[in-house]
Structure formats: C-alpha cells, structure tokens
2 protein chains.
Amino acid sequence: MTTGIEAYLHTHTRLSDEEIARIALAATPRSLRRNELLLQEGQICRHKAFVVKGLLRNFGVVADGSEHILQFSPEDTWTLDAESYDRSTPSAFNIAAIEPSELLLWTRPVFNRLLEEIPELHALSLQLISRNGYNSRQRLFAALSATPEEKYNGFVRDCPDLVSRLPLHMIAAYLGISLKTLTRIRHAQWQQR
Amino acid sequence: MTTGIEAYLHTHTRLSDEEIARIALAATPRSLRRNELLLQEGQICRHKAFVVKGLLRNFGVVADGSEHILQFSPEDTWTLDAESYDRSTPSAFNIAAIEPSELLLWTRPVFNRLLEEIPELHALSLQLISRNGYNSRQRLFAALSATPEEKYNGFVRDCPDLVSRLPLHMIAAYLGISLKTLTRIRHAQWQQR
DNA sequence: TCCGATTATGGTCAAATGACCATCTTTAGT
DNA sequence: ACTAAAGATGGTCATTTGACCATAATCGGA
C-alpha cells in the first residue's frame, strides 16, 4: 500500500525500498480541516512535513487583516518554515490548509535520527531548501518586474492545475494584486477570443 | 595581515586559525571595476565568492532593458547564484559591481576539496544558502504586501548604510518602484520635519 | 583639474489600480 | 437536500503610480 510518500521518494531519490519504508513508518499522520492552521506566526516550527493529499498555503497577514500568500504546498513539501525549524526561532508566517489535507509529520528528534541512519536524506533536505530559496527568488523577481497580467499568465503557465483549484482571491493574494484587477484581466482575456 | 575573510570567519564560525588560513590561501583574488560583470545571465556559476571590499548587485533585466535588483552583496556573500552553482545550470540573473570591488573566488574543485578537509564548512555553506532563502522570502512578502513608502522605510531601517552608498535609481530597482515614486516619498518625508 | 556622464528633482498628464458597494452564483457542511 | 457562507463579477470613483520631458547638480575617470 502506497501512502504517497513512497511513490514520491521512489521517483525523486535513490533510496532503497527498505529506507523508504523506515522513513514512512517514522512519520505521524495528521489531518487538517479546511482553513485549519498547521503553523501560526510566532510559533516555532517543530516538524518536517510531507503533504500526502490536499493543499496548503503559506501566508502572512498585514495590519488591515489581508493575507499575502508566499507559496502553496507543492513547493512547501517537507520544509514548512525552514528558518524557524532550523534555528528554533518564531515563524514569521502562517501555514493553513486550503482543502482538507492529509500530512505526514516528523518531529525534530525523529527526523534527526533518520538523518543519521540514512545519509542520503541530507542531500534531499538540502535540495528541498535550496529549491525553496530558488522559487522565492524567482517569485521575487516576478513581483518586482512583471505587470499584473504577466504575473497572472505566468501563474497559469506554471501552475495550471492550481488555477482551477483555488479561489480567485487567493490567486490575487499570491500574485500581489487586487481581486478586482485579477477579475479585469480574466474578463479581458475572455473577450479576446 | 587580515584580508577581511579571516575576520569574518573568526566572528561567524568556530573554525581554527589554521583552517581559516587554509581557506583564505585556497582563494583566488579578483578585482572588479565599477559596473563590471562577475556573472552574466545564461552563464554557469562556477565559483563561490567572498566580497572583501566593495559592493555588488544581483539583478535581472526585462524586455524594455530596465534592471530589477534582487540583492546587494552583503547578503550575496559566498553563494553568488546557488542554484546555478549547485546544479551547473545557466544562471537566471546577473551579478555586477556597483563600486570597485575586491573578491576572493574558489572554483568548484577547490571548494569541494576544502569541504572535505574542513567539515564545518558544510555547516557554513548550508547556513548561508538557508539565510539567503530566508531573505528572499522576507523580501517577497514585502513586495507583495507593503506600500512603496513602507518598502522604502523598511530599507532605510534594515540597510541604513546602503542608503547613502547607492544611487536612488538602484534603490528604486531594488524596491520595485519607479524612481519618480521614490523621489516623491523622500520629498514628502523631507517637508514633514 | 576638467569635461562628459551619471544622478537627482520637478512638472504634467494619462492610465492603471485599488477601495467600496451591490448583486448574483456557487459551494460546503450539516 | 437545504441553508448559510463563500466566491465571482460588475460599476463607479478617487488616488497613486509611472511615463515622458526638461533641467540642475553631482560625480568620476582620464
């Protein structure tokens, strides 16, 4: 029986079946209801996590109460808030479920044990953190340089699956534009065909 | 005689004097003139680097020729383009000197050798990559959520030294606002006192 | 030291964006 | 299946922002 993580590790690493099983067995399952918080701003991130099913968002909240979304869970995979986890500092952002979700969690002692037993896990961790930084940087450049329409088109290009899964106001919060502007863009593109 | 990196490693790591000397000796010095490119978009990043003196910018260029700055060199330290270095893929961005600068460079084989000899260097590398991702993420959040004035005030708060070192159009390119808007903000804050 | 290039500031104007409000539709959870 | 909540769209308006222009000041390299 494959819970999702086995398949992931099979295709993304060279770990043996035995190692993969050990990793999966060490995890604690966790379910999240829609909008349930997994990590709250100010809390210390105490887990590595793998999203088996569902969709999460990583977001910050500003003074007027509005949300701004840094990433969705496919990119979040494994790391949650890397800075908070690594340094045991309060997390700067929140993580919550968008859809009902199923996760696997590893506490720090459990995961450290796995890292000792399975050195190749180090490489994966490093790769994920590095990839995460790369994504943030690409997104930063888009935020600095692209027009709202370019941002939206880029999102449709890069995450076509998410376009239909997400409410528009979250896409707007992800792109850093207002819901109104997003609606206008889509309206214009509709008429154009 | 301290070239700058010795002092840095003394205060930021627990490396011994002997190890520090070995790291410094393995490096190749490099000077950059004002505006000289260290890494060009599309090139593969083949070095780790330490900025002994001067100031660099990491930037992308869009269709109309305008620059958008991702970071300045204090944060760049050591990593240059981590993604390009680690995976030997073409760099997505450029790095150039703002002021005449002095660097130390390590090619991949040389640096790998150091990593083998000095395991603690791994920890430093990881920390720098991780920190870099954290900075990108913080900046992304600011880009998504802050007004131009908030961005500028944040920059003055976080990098007071750079405010006087940089031409305004670069600050604007860093904050993702137009030079005109930046001038307006400063003008308003001037009158307010 | 000097000259050319870079940098800073200001004015005007058009356009894009966001805030607010209302309405209609769809969705989710019981 | 039903109902309340959430989501999507549209209209209007004020504001901000950026583009373009010109000019003055400053800086940097020979």
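In what follows, every chain begins at residue 1, and chains take the letters A, B, ... in the order their sequences are listed. What you see is a predicted model, and the numbers here were worked out from it, not measured in a lab.
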If I take atom CD1 in residue A:Ile98 and atom P in nucleotide D:dG7, what distance separates them, rounded to the nearest angstrom? 10 Å
With B:Leu103, which of B:Val52, B:Thr28, B:Leu56 fulfils side-chain contact (heavy atoms from CB on, under 4.5 Å)? B:Leu56
Near B:Arg108 CZ, under 6.0 Å, is it more than 12 heavy atoms from other residues, nucleotides or ligands? yes
Knowing that exactly one of B:Leu9, B:Leu114, B:Ile118 qualifies, which makes a side-chain contact (heavy atoms from CB on, under 4.5 Å) with B:Glu19? B:Ile118
How many Å lie between CG on A:Leu182 and P on D:dG7, as a whole number? 14 Å
Nearest-Å distance, CZ (B:Arg165) to P (D:dC27)? 16 Å
Sidechain N-carboxylate O distance under 4.0 Å for A:Glu83, B:Arg137: no
To the nearest angstrom, how far is A:Leu168 atom CG from D:dG10 atom P? 11 Å
Heavy-atom contact window of chain A on DNA chain C, given 5' to 3' at under 4.0 Å: C:dT17 to C:dG29
Rounded to whole Å, please give me the gap between NZ in B:Lys180 and C1' in D:dA19. 10 Å
Donor-acceptor pair under 3.5 Å, B:Arg33 side chain vs D:dG29 base: no
Whole angstrom value for the distance that separates P of D:dG18 from NE2 of B:His169: 16 Å
Nearest-nucleotide comparison on DNA chain C, the residue closer to the 5′ end among B:Arg34 and A:Arg34: B:Arg34
Between P on D:dA6 and CE on A:Met170, what's the gap in Å once rounded to a whole number? 11 Å
B:Thr181 side chain N/O closer than 4.0 Å to the phosphate oxygens (OP1, OP2) of D:dT17? no
Determine whether B:Asn153 and B:Gln189 satisfy the following criterion, side chain to side chain donor-acceptor pair (under 3.5 Å), listing intermediate values before the conclusion. CA-CA 10 Å; B:Asn153 290 338; B:Gln189 295 190 349; 2.9 Å; yes
Look at the rings of B:Tyr174 and B:Phe155 and say which category their plane angle falls in: under 30° parallel, 30 to 60° tilted, over 60° perpendicular. tilted
How many whole angstroms separate atom CD of B:Glu36 from atom P of D:dG29? 13 Å
Please examine the side chains of A:Arg33 and A:Pro100, heavy atoms only from C-beta on, and report whether any two atoms are closer than 4.5 Å. no
Which residue, B:Pro148 or A:Leu179, contacts DNA chain D at a nucleotide closer to its 5' end, judged by nearest heavy atom? A:Leu179
